Engineer: 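Take a look at the following structure, please.
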2 protein chains.
Amino acid sequence: MSKAANTRTMILTKSFELIYKQGYQATSIDNILATTQVTKGAFFYHFKNKDEMGLAMINEIIFPGMYASLVTPLLNAKSPINDIHEMMRVVLLKVPFLRAKYGCPAVNLIEEMSPLNEDFKHALLKLTDQWQDAIKKSVNQGKISGEIRADVNAEYVACFVVAGYSGIRNMGKAMGSACYNIYLQELKNYLKQLG
Amino acid sequence: MSKAANTRTMILTKSFELIYKQGYQATSIDNILATTQVTKGAFFYHFKNKDEMGLAMINEIIFPGMYASLVTPLLNAKSPINDIHEMMRVVLLKVPFLRAKYGCPAVNLIEEMSPLNEDFKHALLKLTDQWQDAIKKSVNQGKISGEIRADVNAEYVACFVVAGYSGIRNMGKAMGSACYNIYLQELKNYLKQLG
DNA sequence: GCTTTTAAATACTAATTAGTATGTAATACA
DNA sequence: TGTATTACATACTAATTAGTATTTAAAAGC
């Protein structure tokens, strides 16, 4: 990677860390410059303004990072009940750069920024859509294999699971990671009921 | 109500509306003053600073408003499966001052402010705690009446329901209220499985 | 090797921010 | 009726904000 590309990536990854912990609006450009040791000239050479950096961060850091944890594990799913639950367990308890007290970076940004920035909203919706789609396909696969009842609405299940994740991430911010295990238990009960 | 108490209440209710729509940090004191027609002197006479106003808004506007919709309907619950579902239906589809695109004011504030302000976090946790407690009591009541299986963990159910609400409110911000009906359908499936 | 383009450093600006200092009506109370 | 106290109004300040203008160094292309 060239030196220029390096500073660009560095700005994005450090900005991600700060924004993940503090929120987008609470993270000032000066704050980013102080922690990256990058000068203002360099920052505005690589990004037209703060929002353009934020959008790049969503597309280049958050999207691929979350996609790998949320969508990829479902792509060759064999048993939706186990696979969806296991995907959720890993995301909540195992992914190292996610911390209960800071929630989920994608969920946080939807909450904070979707009323304020249409571009952010659409970029984050893309992730949600693809995750829901992967869950839906997994459930439909389960209907074919017979693990899932034929009358189950795969799209509804996907919506419910995504909403549940988003919600438990929010709860975890105020109550800590203890609620994650509770959620996983009840998610299992919900999923079992689909069979 | 005295004139002074009137301006105080007016500041809180208008601040609530602005903060509900824009978020806490995106709502400046000047923004509040402009929409209330209250002067800066009046504002800082009633509140030591912005955060003290925010805390008063949580305790005096958000808490009682949400309590009436979330907790009160469950206090004399007869059938948890129906009552919890109906409570959720009313909250999502009927409460007039809540709009899908703005989410839930309590959920929004937990998301935005719980990492930044301990007082906000605790004030909002109080609401969550009491809501979970009401759900738990309702489920335990159902276990006595026989509507709910004896092996169901009421606390887990409460956690799962609260997380689901929080999550679907977040989804609704980006996707609109269509997902509310889907969520309600799947919530019903989850609740039925408890019996 | 010279020139052009890329990448970045420095110094500035205009707007907005929360909050203060001070002054003045209105109200309560003695 | 005089006097506190309450409830505001106005004008200011210091810090922070995103963003710009200008200069300079590094690299690439010829």
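Hydrogens, waters and symmetry mates play no part in the numbers below; they use all other heavy atoms, side chains included. Each chain gets a letter, A, B and so on, in the order its sequence line appears, and its residues count up from 1. Because the structure is a prediction, the values reported are computed rather than measured.
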Engineer: For DNA chain D, whose closest nucleotide is more 5', that of B:V38 or that of A:I29?
Structural biologist: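 Nearest nucleotide further toward 5': that of B:V38.
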Engineer: Taking only side-chain nitrogens and oxygens of A:S28, does any of them come within less than 4.0 Å of OP1 or OP2 of D:dT17?
Structural biologist: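 Yes, such a contact exists.
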Engineer: Please state how far atom CG in A:L33 lies from atom C1' in D:dT17, giving the value in whole angstrom units.
Structural biologist: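 It works out to 12 Å between those atoms.
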Engineer: Restricting to non-hydrogen atoms, name the atom on B:N117 and the atom on B:D119 that form the minimum distance, rounded to 0.1 Å.
Structural biologist: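 Heavy atoms only, the tightest pair is OD1-N, 2.9 Å.
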Engineer: Given C:dT17, D:dA11, D:dA18, identify the nucleotide with an atom nearest to the side chain of B:K40.
Structural biologist: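 The nucleotide sitting nearest to the side chain is D:dA11.
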Engineer: What is the distance, to the nearest angstrom, from the CD atom on B:Q37 to the C1' atom on D:dA9?
Structural biologist: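 So the two atoms are 14 Å apart, to the nearest Å.
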Engineer: Round to the nearest Å and state the distance from A:F47 atom CZ to D:dA18 atom P.
Structural biologist: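 The answer, rounded to whole Å, is 15 Å.
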Engineer: So which protein nitrogen or oxygen atoms get under 3.5 Å of nucleotides 4-8 of chain D's nitrogens or oxygens?
Structural biologist:
unit_1: D:dA7; atom_1: OP2; unit_2: B:Y45; atom_2: OH; d: 2.5
unit_1: D:dC8; atom_1: OP2; unit_2: B:T7; atom_2: OG1; d: 2.8
unit_1: D:dC8; atom_1: OP2; unit_2: B:H46; atom_2: NE2; d: 2.7

Engineer: Are B:I182 and B:L93 connected in a single hydrophobic cluster, I mean Ile/Leu/Val/Met/Phe/Trp/Tyr linked by side-chain heavy atoms less than 4.5 Å apart?
Structural biologist: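 Each belongs to a different hydrophobic cluster.
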Engineer: Would you call the rings of B:F16 and B:Y20 parallel, tilted or perpendicular if under 30° counts as parallel and over 60° as perpendicular?
Structural biologist: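 Correct class here is parallel.
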Engineer: Check the side chains of B:R169 and B:Y180 for a donor-acceptor pair under 3.5 angstrom, ignoring hydrogens and angles.
Structural biologist: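 B:R169 and B:Y180 do have a side-chain donor-acceptor pair below 3.5 Å.
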Engineer: With sugar-phosphate meaning primed atoms plus P, OP1 and OP2, does A:D30 contact a base, only sugar-phosphate, or nothing at under 4.0 Å between heavy atoms?
Structural biologist: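 If one applies the 4.0 Å heavy-atom cut-off, A:D30 turns out to touch a base.
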Engineer: Evaluate whether atom CG of A:N76 has more than 12 neighbouring non-hydrogen atoms of other residues, nucleotides or ligands under 6.0 angstrom away.
Structural biologist: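 Count not over threshold, so no.
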Engineer: Within this structure, what is the CD1-to-P distance between B:I32 and C:dT17, rounded to whole angstrom?
Structural biologist: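 Between P of C:dT17 and CD1 of B:I32: 11 Å.
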Engineer: For DNA chain C, find the residues of residues 13-24 of chain B with a heavy-atom distance under 4.0 Å and give them by number; none if there aren't any.
Structural biologist: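 Nucleic-acid contacts, sorted: none.
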Engineer: Would you mind writing out the side-chain donor-acceptor pairs for residues 95-110 of chain B within the sub-3.5 Å range, not counting sequence neighbours?
Structural biologist:
unit_1: B:N108; atom_1: OD1; unit_2: B:K173; atom_2: NZ; d: 3.2
unit_1: B:N108; atom_1: ND2; unit_2: B:Y102; atom_2: O; d: 2.7
unit_1: B:N108; atom_1: ND2; unit_2: B:C104; atom_2: O; d: 3.4

Engineer: Which label fits A:Y24 and A:F120: parallel for a plane angle under 30°, tilted from 30 to 60°, or perpendicular past 60°?
Structural biologist: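 Rings of A:Y24 and A:F120: perpendicular, as their planes differ by over 60°.
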Engineer: Check whether A:L191 and A:I144 end up in the same hydrophobic cluster, where Ile, Leu, Val, Met, Phe, Trp and Tyr are linked by side-chain heavy atoms less than 4.5 Å apart.
Structural biologist: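 In one cluster: no.
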